[in-house]
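In what follows, a single structure is set out as structure tokens and then discussed.
Because the structure is a prediction, the values reported are computed rather than measured. So you know, we letter chains A, B, ... as the sequences are listed, proteins then strands, and number each from 1.
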Number of protein chains: 2
Amino acid sequence: MQMQPILVPRRLYQAPPPPIARQVETDEIRLIGVTMHVSRDQEVFGEGEPADQVYKVVRGAVRGFRVLSDGRRQICDFYLPGDVFGIEPSDEHRITAEALTDTVLVVARRSALGDESDGAASRRLWALAMNELRRSQDHALTLGRRSASERVANFLVDMAERLGGGENLELPMSRQDIADYLGLTIETVSRTLTQLQVSGMIKMAGCRSIHLRKPRALTELCA
Amino acid sequence: MQMQPILVPRRLYQAPPPPIARQVETDEIRLIGVTMHVSRDQEVFGEGEPADQVYKVVRGAVRGFRVLSDGRRQICDFYLPGDVFGIEPSDEHRITAEALTDTVLVVARRSALGDESDGAASRRLWALAMNELRRSQDHALTLGRRSASERVANFLVDMAERLGGGENLELPMSRQDIADYLGLTIETVSRTLTQLQVSGMIKMAGCRSIHLRKPRALTELCA
DNA sequence: GTTTCGCCTTGATCTTTATCAACCGGACCG
DNA sequence: CGGTCCGGTTGATAAAGATCAAGGCGAAAC
């Protein structure tokens with residue numbers, strides 16, 4: 001058994017590329033649609049419902065998840081302000097979407113985004129779908145091969161970047177949501193965050209307000 | 001409570017030697033491109049290379065995977081005869097593709113599949129991309145929330161269906177590949193298969209030839 | 001035919017994470 | 001002001017799976 005100290009990575013972690021697709025969303029995608037208010041824990045759409053609409057988060061946040069027959073839940077992704085969700089591989093939703101907090105969405109028919117006769121719109125839809133694919137593949141890598149502390153570090157760095165608040169983040173989700181996203185239990189998430197705080201990498205001010213004190217070290221922890 | 005040191009994994013991914021000259025020949029069948037022969041463990045494309053081509057498996061099989069900086073490997077998917085791969089979220093490959101066995105592929109430029117001016121081709125490309133997304137999401141659910149035996153059962157049922165040999169399957173991949181696909185170790189995969197055999201659900205004849213004796217029970221095990 | 005090598009299996013033990021349980025602290029309420 | 005509710009934290013213990021180690025088997029090499 002060889003327990004080794006933290007190694008200097010051979011190849012320094014490269015920050016993920018700028019969120020092209022989200023820029024596309026923010027800058028180019030103006031959904032023509034209806035504004036919709038969803039309160040905390042309310043369902044936006046459920047598994048099995050027809051997937052003919054897309055949603056853009058204006059304010060608040062959403063979790064998209066799947067549930068095994070015995071109740072185990074896996075959150076596929078969180079959707080934050082600016083994100084578009086609801087694009088799915090079939091004409092029926094395979095995931096369920098629920099608001100994390102009181103949330104404002106814009107809803108449009110999917111055809112409003114990806115008409116074949118409109119090259120630009122079609123490219124936008126493609127970019128959104130490919131962004132989903134990229135994130136799902138990243139997620140699978142995390143779930144298959146990263147340790148609990150690597151998962152949590154990854155999560156914090158990703159959220160900090162996506163929420164855009166620099167090194168301060170206000171998490172819109174509970175510990176249980178984080179656990180179900182990272183494939184861990186709520187206790188492991190809690191303990192790992194405590195460890196990160198003890199090691200000086202983060203500082204928690206209330207359980208949803210987290211300051212990244214050593215973003216570089218955290219990034220290296222991501223593996 | 002203290003930060004735990006990082007455990008350096010025992011098995012690290014080593015890139016195979018550079019490919020020798022590929023034998024390429026034109027394809028007289030109606031498939032859209034050039035036929036390409038790739039021998040076992042040879043790379044089809046690597047991370048960072050331009051992703052402007054798509055590949056269809058004619059014979060053999062391919063693994064698509066990503067590697068963490070310290071060598072941990074996660075196989076995203078296996079591609080079997082009839083499958084199309086190489087569609088990626090950006091114009092650079094994020095995954096590496098290697099032949100599992102001696103493999104025959106047909107290669108085409110991606111534009112040959114998804115020209116915007118061609119509605120049918122565009123829909124085909126969309127369907128392929130959405131299939132990737134669906135499989136990636138299923139994979140994330142498995143990696144995040146299923147136990148080792150559920151993962152292996154899932155894998156067997158999925159492979160049996162995709163390989164099309166009814167309840168008899170000839171696996172084209174090693175135990176290590178299965179382990180890296182399922183987020184487990186080779187030992188756990190081996191033990192789990194043995195357990196399934198002891199419980200009468202499968203019968204192994206040589207380690208790559210598996211007969212599903214109780215497909216229904218296996219399916220229920222999938223969760 | 002025998003040796004060798006790579007892959008697989010099995011056993012023993014260890015580590016990580018899950019589970020079970022208790023407690024904490026802020027928000028809301030009587 | 002005290003009670004209760006709810007999410008979060010912490011502690012003790014258990015379980016699943018990883019790691020370390022040894023041996024087996026079959027295909028290719030000698």
Just by distance, no angles: are the side chains of B/Gln137 and A/Arg94 close enough, under 3.5 Å, to form a donor-acceptor pair? yes
Hey, are A/His93 and A/Glu88 close enough side-chain-wise for a donor-acceptor pair under 3.5 Å? yes
Please enumerate all protein N or O atoms sitting under 3.5 Å from an N or O of nucleotides 7-11 of chain C, with distances to 0.1 Å.
residue, atom, partner, partner atom, Å
C/dC8, OP1, B/Arg175, N, 3.3
C/dC8, OP2, B/Arg175, N, 3.3
C/dT9, OP1, B/Arg175, NH2, 3.1
C/dT9, OP2, B/Arg175, NE, 2.7
C/dT9, OP2, B/Ser190, OG, 2.8
C/dT9, O5', B/Ser190, OG, 3.0
C/dT10, OP2, B/Thr194, OG1, 2.5
C/dG11, N7, B/Arg191, NH1, 2.8
C/dG11, O6, B/Arg191, NH2, 3.2

Do any pairs count as a side chain to side chain donor-acceptor pair (under 3.5 Å) and have a residue in residues 213-223 of chain B, sequence neighbours left out, and if so which ones? none
Salt-bridge criterion met for A/Asp138 and B/Arg66 (N-O under 4.0 Å):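 Yes, this pair counts.
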For a quick test of your reading: what N or O donor-acceptor pairs under 3.5 Å do the side chains of residues 171-178 of chain A make, sequence neighbours left out?
residue, atom, partner, partner atom, Å
A/Ser174, OG, A/Gln176, N, 3.3
A/Ser174, OG, A/Asp177, N, 3.2
A/Ser174, OG, A/Asp177, OD2, 3.2
A/Arg175, NH1, A/Cys207, O, 2.9
A/Arg175, NH2, A/Cys207, O, 2.8
A/Gln176, NE2, A/Asp180, OD1, 3.2
A/Asp177, OD1, A/Arg63, NH1, 3.1
A/Asp177, OD1, A/Arg73, NH2, 2.9
A/Asp177, OD2, A/Arg63, NH1, 3.2
A/Asp177, OD2, A/Ser174, N, 3.4

Can you check the [X] [atom1] to [N] [atom2] distance for me, whole Å?
X	N	atom1	atom2	value
A/Leu171	D/dG7	CG	C1'	14 Å
A/Ile210	D/dG8	CD1	P	11 Å
A/Arg146	C/dT17	CZ	C1'	18 Å
A/Arg151	C/dT17	CZ	P	7 Å
A/Arg72	C/dT19	CZ	P	9 Å

Before we go on, tell me: are the rings of A/Tyr55 and A/Tyr79 under 6.0 Å apart, centre to centre?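 Distance test on ring centres: not under 6.0 Å, no.
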